[in-house]
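Scroll down for the structure; my scribbles are underneath it.
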Number of protein chains: 2
Amino acid sequence: MPRTPRQDRARATVDAIVEAGFIALSQRGPAATTTRHIAEIAGVGVGSLYEYFENKEAIFNVMSQRFIKDTVAMIKPLTPTLVRMPIDAAIRTLLNEFKDFLEMNDGRYLKCVRHAMAVDFELHLDPLFQVLNEVIMRYLMSHPETLQIRRIPAMAYIGINGGIFAVIRHLSDPDPMISFDELADGLAAMIGHYITQELKEREALAASET
Amino acid sequence: MPRTPRQDRARATVDAIVEAGFIALSQRGPAATTTRHIAEIAGVGVGSLYEYFENKEAIFNVMSQRFIKDTVAMIKPLTPTLVRMPIDAAIRTLLNEFKDFLEMNDGRYLKCVRHAMAVDFELHLDPLFQVLNEVIMRYLMSHPETLQIRRIPAMAYIGINGGIFAVIRHLSDPDPMISFDELADGLAAMIGHYITQELKEREALAASET
DNA sequence: TGATTTTTCCGAATTGAATCCGAACAAGCG
DNA sequence: CGCTTGTTCGGATTCAATTCGGAAAAATCA
């Protein structure tokens, strides 16, 4: 039965364990990350891990949650800036920020994210999808003419999924066929062209109705 | 030292082990899939696993390779049909075939694919990327006017990644915001609009040059 | 065919990592 | 200070992965 920490001392060990988890996972990979290792890096006895975590998996879970929380915290403050930009610039900016974020701390997050995704694909990613949907909604509000385009939910779904996984895959690829800039430019152009084309079609439709 | 099977009997056990791996993994998930389990389902002694596989991971690896091989075998014969279709219909068809393929055998592949991806993200996926690139190249050849659009490599990269991961995520999502048809329609429209818009821009450019 | 070699199969024994547990240590509190 | 509660620890335990040595089956040979 894992307990919740009451004293600062205990909260510090929990933090140290999670931090050690990130370090061990990024250094050795998931298979070679043992409880002894995590404990050693955290400067803590093995038994202590089980005071606050059900098992090793639970440590990975809160690591995953913390990663998503940090990602959301990184994106949220960008919203006001993004909604003021042209769509293609906004997408490029967002992708580059995400890239830099993943490469922080010697790529620690990037190295961890694949394994984290494997542990649970749907659960922890949710807040990230929510905040990105929020960004999109605000964008649409700030550009009312875009509200008439079709398939907004589908485009959001595709754009978010495509964006996240394309970036992660690209950064993980030792020999990518295209540069990161080409990737970002491509995604931006794809969405940009979609919107342009939709607006034209709507316009033509409106004209033919009068 | 794992050996390679010489006799038919041995090849049958190897097959049974891999098959059992798929069954165990889809029934119990990666964490609960033990070597005893796999051996039991395969109707084989535990020791036999290690006759032909370095370790448990190696079993998962050939499962992953077999999955990709089956996927490629599913896609390849579709190529001639796909290249004759309008782009949006081609994309919808491909996505639906992929969906049906993943849901075969009571969703066995779908249940396995997440874990398989985690084990190695880049290596085994390669043949799938190759065959999809091949499909795209043939498509472009069959529709010469599309050869003048820009960012073809980036679009292929984004389309393939976006397509694969969007489908897997959607099928894994217990409560998706959009239907599968909306997803497929969205991807088709996104690419379709991109091409339309590009062709228009190329055309305008050509006209202004004369 | 019978002998010999190679291949295959097995499951008890070993190994090592994950997890448990109870003693020892610190903090808050009267 | 005694008492209760929270915290830490690392040896003991458990359980899955892997090894090993020999028995059974098939292939090859004389």
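Chain identifiers are assigned alphabetically (A, B, ...) following the order of the sequence lines, protein sequences preceding nucleic acid strands; residue numbering begins at 1 within each chain. Basis for what follows: all heavy atoms, side chains included, without hydrogens, waters or symmetry-related copies.
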For nucleotides 2-7 of chain C, give me every protein contact, N/O to N/O, under 3.5 Å, one pair per line with atom names.
unit_1 : atom_1 : unit_2 : atom_2 : d
C:dT7  : OP1    : B:R6   : NH1    : 2.9

Just the atom pairs and distances: protein N or O near nucleotides 16-20 of chain D's N or O, under 3.5 Å.
unit_1 : atom_1 : unit_2 : atom_2 : d
D:dA17 : OP1    : B:K56  : NZ     : 2.6
D:dA17 : OP2    : B:T35  : N      : 2.6
D:dA17 : OP2    : B:T35  : OG1    : 2.8
D:dT18 : OP2    : B:Y50  : OH     : 2.7
D:dT18 : OP2    : B:K56  : N      : 3.0
D:dT18 : O5'    : B:Y50  : OH     : 3.4

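The side-chain hydrogen bond (donor to acceptor under 3.5 Å, both in side chains) pairs that include a residue from residues 127-136 of chain B are B:E134-B:R138, where partners are two or more places apart or lie in different chains. Within the structure, salt bridge (charged side-chain N to carboxylate O under 4.0 Å, His left out) contacts touching residues 12-36 of chain B (residues at least two apart or in different chains) are B:D15-B:R66, B:E19-B:R108.
Remark: P of D:dT8 and CG of A:D8 are 11 Å apart, rounded to the nearest angstrom. Across the protein-nucleic acid pair, A:L49 atom CG and C:dC21 atom P stand 16 Å apart, rounded to whole Å. Note: CD (A:E40) to P (C:dA18) measures 13 Å, nearest angstrom. When rounded to the nearest whole Å, the span between NE2 of A:H37 and P of C:dA17 equals 9 Å. Here C:dC20 presents its C1' atom at 17 Å from CZ of A:F53, a figure rounded to the nearest Å.
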All N/O donor-acceptor pairs, side-chain side in residues 67-81 of chain A, below 3.5 Å, sequence neighbours left out:
unit_1 : atom_1 : unit_2 : atom_2 : d
A:D70  : OD2    : A:Y109 : OH     : 2.4
A:T71  : OG1    : A:F67  : O      : 2.7
A:T79  : OG1    : A:K76  : O      : 2.7

Could you pull out every donor-acceptor pair under 3.5 Å between side chains of residues 84-95 of chain B and any protein atom, sequence neighbours left out?
unit_1 : atom_1 : unit_2 : atom_2 : d
B:D88  : OD2    : B:R92  : NH2    : 3.3
B:R92  : NH1    : B:D185 : OD1    : 3.0
B:T93  : OG1    : B:A89  : O      : 2.7

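Phosphate contact (OP1/OP2 of C:dC9, side-chain N/O of B:T13, threshold under 4.0 Å): present.
For the pair B:E198 and B:R150, the salt-bridge criterion is met [side-chain N within less than 4.0 Å of a carboxylate O].
Not a single side chain to side chain donor-acceptor pair (under 3.5 Å) links A:D106 to another residue, sequence neighbours left out. For B:T34, there are no side chain to side chain donor-acceptor pair (under 3.5 Å) partners two or more places apart in sequence or in a different chain. Residues satisfying the side chain to side chain donor-acceptor pair (under 3.5 Å) criterion with B:E40, sequence neighbours excluded, are absent altogether.
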